[in-house]
Each structure stands twice: as C-alpha cells, then as structure tokens.
Amino acid sequence: MTKLLPDECRVLGTLIEKAMTTPGQYPLSLNSLVTGVNQKNNRHPVVEIDEDDALRAVDGLRAKGLVRDVSFTGSRVEKYRHTAGEALELRPPELAILSELLLRGPQTVGELRGRASRMHPLESLEIVESVLAGMAAREEPLVRELPPLPGSRATRWVQLLCEDLHPLGAVGSAPGAAMGSAAGSDDLAERRGRSGADTERVAALEARVAALDERIAALEETVARLQSELGGPTA
C-alpha cells in the first residue's frame with residue numbers, strides 16, 4: 001500500500017478538503033495550498049509549513065500518483081489537484097472521511113460524521129460506519145479501528161497512509177475500571193452517554209464553524225486575486 005510522509009498527508013488532506021468545500025477556488029496554487037495546510041480550524045495539531053516543504057510534499061505525492069499539476073491558459077501560476085479518488089479508488093464519502101483522518105487524527109464515528117459532513121453529506125452514523133467498514137475491509141486497508149480511550153466506550157478510527165502521523169494516545173480500559181458499586185457504574189454509564197451526545201453536538205458545531213471559515217477564506221482569496229489583477233490595492 002502507498003505510504004506517505006507527514007507533510008504529504010497534510011497536503012493531500014488539504015487538497016481533498018478544498019476540492020469539496022471550495023470548488024470555485026480549486027485547484028490550488030502553491031500559496032493557497034500552504035495557507036490551507038497551515039490554517040488553524042479543523043486541524044490537529046496545527047502545523048506551519050513553508051513553500052519549500054509544500055513543494056517537496058507535492059513532488060512526493062506526484063511520484064506516488066496522488067497529485068497532478070494543472071496549467072490554465074493565460075496563467076503563469078501552477079496549480080495542483082489531487083487524484084486520490086482515481087489512484088485509491090475512493091468515492092466522495094470515503095474521500096471526505098479520509099481527509100478528516102489525515103487532518104485531525106483518530107476520531108469516533110460521531111466526530112467523523114459531524115466534521116466530514118461539511119465536505120459530503122453523511123446522513124447517519126450507520127452510513128459512516130458502513131464507509132469505514134468498507135475502507136477497513138479492503139485488500140490493503142486504509143483505516144483501522146482503535147480501542148476506546150480510558151473513560152470512554154466509543155471506539156476511534158485511524159488512517160493507515162501514515163500511521164505515525166498522529167499520536168494514538170492511551171488505549172484500552174483504565175485499570176480498575178470494573179471496580180466500584182453498581183450505583184457508581186450506572187452513574188458512570190449515564191455520564192458517558194451524556195459525554196457522547198455532547199461530543200456529537202460539539203462536532204456538528206465545529207463543522208458549521210469550519211464551513212463558514214472556508215467561505216471566508218475563499219472570499220479573501222478572491223479579493224486578493226482581483227486586487228492582484230487590478231494592480232494591487234490602492235495606497
């Protein structure tokens with residue numbers, strides 16, 4: 001299976017994301033690609049790469065058949081588009097979920113549904129589970145399931161293009177978790193249930209904020225391009 005370097009993962013995830021969220025600004029110029037990788041929303045951890053880092057990542061992805069250069073008549077700016085759909089045989093729902101895992105690391109089904117829905121509609125948790133199961137059952141799996149973190153019953157999913165991209169954190173059950181009274185166990189289960197619902201609400205709100213940020217970024221880029229074409233902003 002194709003294995004990627006960390007910066008290649010971030011560049012590929014960003015290209016997939018922008019193709020789906022801001023198609024009018026896609027393919028991406030090098031400057032737009034760097035801005036997208038370095039943005040603070042919907043990234044974990046937030047990173048900062050420069051144009052040289054981005055170009056090296058693009059070169060690596062191009063060699064692996066995951067990125068293609070795009071030239072437009074009358075434009076001297078080279079742009080880039082991903083070919084992950086064709087190269088990895090992925091449909092839009094799979095691309096959206098893969099992008100989220102590349103950009104934010106391991107997540108629960110609820111988190112993935114809330115966050116990836118800004119790229120492609122995912123109407124239910126069952127649909128997300130089905131997509132993940134299909135990606136995990138491939139001859140060369142793209143994702144795998146992780147055990148719940150201590151204090152949680154929700155399993156998480158991680159991408160396999162670069163397994164060291166994000167720290168997985170502690171896994172398995174906390175020592176002594178089974179100890180305690182039945183009443184205490186009931187309270188814990190109730191708290192976990194509320195926590196799961198809160199997580200999904202937070203993920204949905206994050207997705208709405210991210211979508212608004214994408215629109216603002218697209219507008220800012222359009223204004224900057226128009227200013228450049230008109231000779232720059234007036235002093």
Side-chain angles (χ1 to χ4, degrees), residues 2-71 75 77-85 87-88 90 92 94-107 111-112 115-120 142-143 158-167 203 206-225 228:
T2 300
K3 292 294 184 180
L4 305 184
L5 299 175
D7 282 350
E8 292 173 353
C9 287
R10 297 180 183 110
V11 165
L12 180 61
T14 299
L15 287 170
I16 295 172
E17 175 193 56
K18 300 307 181 185
M20 291 181 153
T21 58
T22 56
Q25 306 300 318
Y26 184 82
L28 299 185
S29 65
L30 180 61
N31 181 65
S32 296
L33 180 56
V34 170
T35 299
V37 171
N38 292 343
Q39 71 183 52
K40 293 180 170 57
N41 64 294
N42 208 51
R43 301 289 186 269
H44 182 75
V46 174
V47 299
E48 187 166 343
I49 68 171
D50 57 25
E51 291 191 354
D52 290 338
D53 296 328
L55 277 175
R56 279 191 293 271
V58 166
D59 287 341
L61 291 168
R62 187 192 295 113
K64 293 164 185 171
L66 292 168
V67 162
R68 187 173 298 158
D69 300 348
V70 180
S71 298
S75 174
V77 178
E78 196 164 42
K79 296 191 175 184
Y80 308 99
R81 62 180 292 266
H82 77 85
T83 55
L88 301 177
L90 296 175
E94 296 166 330
L95 285 170
I97 287 174
L98 179 62
S99 175
E100 277 298 329
L101 292 174
L102 290 171
L103 295 175
R104 287 194 76 134
Q107 297 170 66
E111 290 169 337
L112 284 169
R115 292 165 180 162
S117 290
R118 68 196 175 90
M119 288 184 265
H120 185 83
L142 290 174
V143 301
V158 63
Q159 54 76 31
L160 299 180
L161 292 176
C162 180
E163 294 187 63
D164 298 329
L165 182 60
H166 298 92
E206 286 180 341
R208 292 178 63 184
V209 171
L212 290 172
D213 284 345
E214 296 287 354
R215 291 186 180 184
I216 292 170
L219 289 172
E220 289 176 342
E221 186 170 339
T222 299
V223 170
R225 187 178 71 253
S228 176

Legend entry - Trace of the salt bridge (Lys or Arg N to Asp or Glu O under 4.0 Å) decision for R118 with E17: CA-CA 9 Å; R118 68 196 175 90; E17 175 193 56; 2.6 Å; yes
Do [X] and [Y] have side chains that get closer than 4.5 Å, going by heavy atoms?
X: L103; Y: V37; result: no
X: T14; Y: R43; result: yes
X: T21; Y: K18; result: yes
X: L28; Y: K79; result: no
X: V70; Y: Y26; result: no
X: Q159; Y: L98; result: yes
X: L33; Y: E51; result: no
X: K3; Y: E163; result: yes

Nearest 0.5 Å please: distance from the [atom1] atom of [X] over to the [atom2] atom of [Y].
X: L4; Y: L161; atom1: CG; atom2: CG; value: 5.0 Å
X: D69; Y: D59; atom1: CG; atom2: CG; value: 8.5 Å
X: L142; Y: L88; atom1: CG; atom2: CG; value: 6.0 Å
X: E94; Y: I16; atom1: CD; atom2: CD1; value: 11.0 Å
X: L95; Y: H120; atom1: CG; atom2: NE2; value: 9.5 Å
X: L102; Y: C162; atom1: CG; atom2: SG; value: 9.0 Å

Inset, instruction - Any chance you could lay out the side-chain hydrogen bond (donor to acceptor under 3.5 Å, both in side chains) test for S32 and T35, step after step, and finish with the verdict? - result: CA-CA 5 Å; S32 296; T35 299; over 6 Å; no
Exercise: identify the closest heavy-atom pair between [X] and [Y]:
X: V77; Y: S29; answer: CG1-CB, 3.7 Å
X: H166; Y: P45; answer: CD2-CD, 3.8 Å
X: M119; Y: A96; answer: CE-O, 3.4 Å
X: G65; Y: A87; answer: O-CB, 3.4 Å
X: G60; Y: E8; answer: CA-OE2, 3.3 Å

Inset, instruction - Please lay out, stage by stage, how N42 and R104 fare under the test side-chain contact (heavy atoms from CB on, under 4.5 Å). - result: CA-CA 7 Å; N42 208 51; R104 287 194 76 134; 3.3 Å; yes
Inset, instruction - Using atom types as modelled and distance alone, determine if a side-chain donor or acceptor of Q25 lies under 3.5 Å from a backbone N or O of P23. - result: no
Inset, instruction - List in chain and number order the residues that pass side-chain contact (heavy atoms from CB on, under 4.5 Å) with R68, two or more places apart in sequence or in another chain; answer none if no residue qualifies. - result: R81, T83
Inset, instruction - For D164, look at atom CG and say whether over 12 heavy atoms of other residues, nucleotides or ligands are found less than 6.0 Å away. - result: no
Inset, instruction - Might you work through the side-chain contact (heavy atoms from CB on, under 4.5 Å) test for L165 and V158, ending with a clear yes or no? - result: CA-CA 10 Å; L165 182 60; V158 63; over 6 Å; no
Legend entry - Presence of salt bridge, R56 and D7, under 4.0 angstrom: no
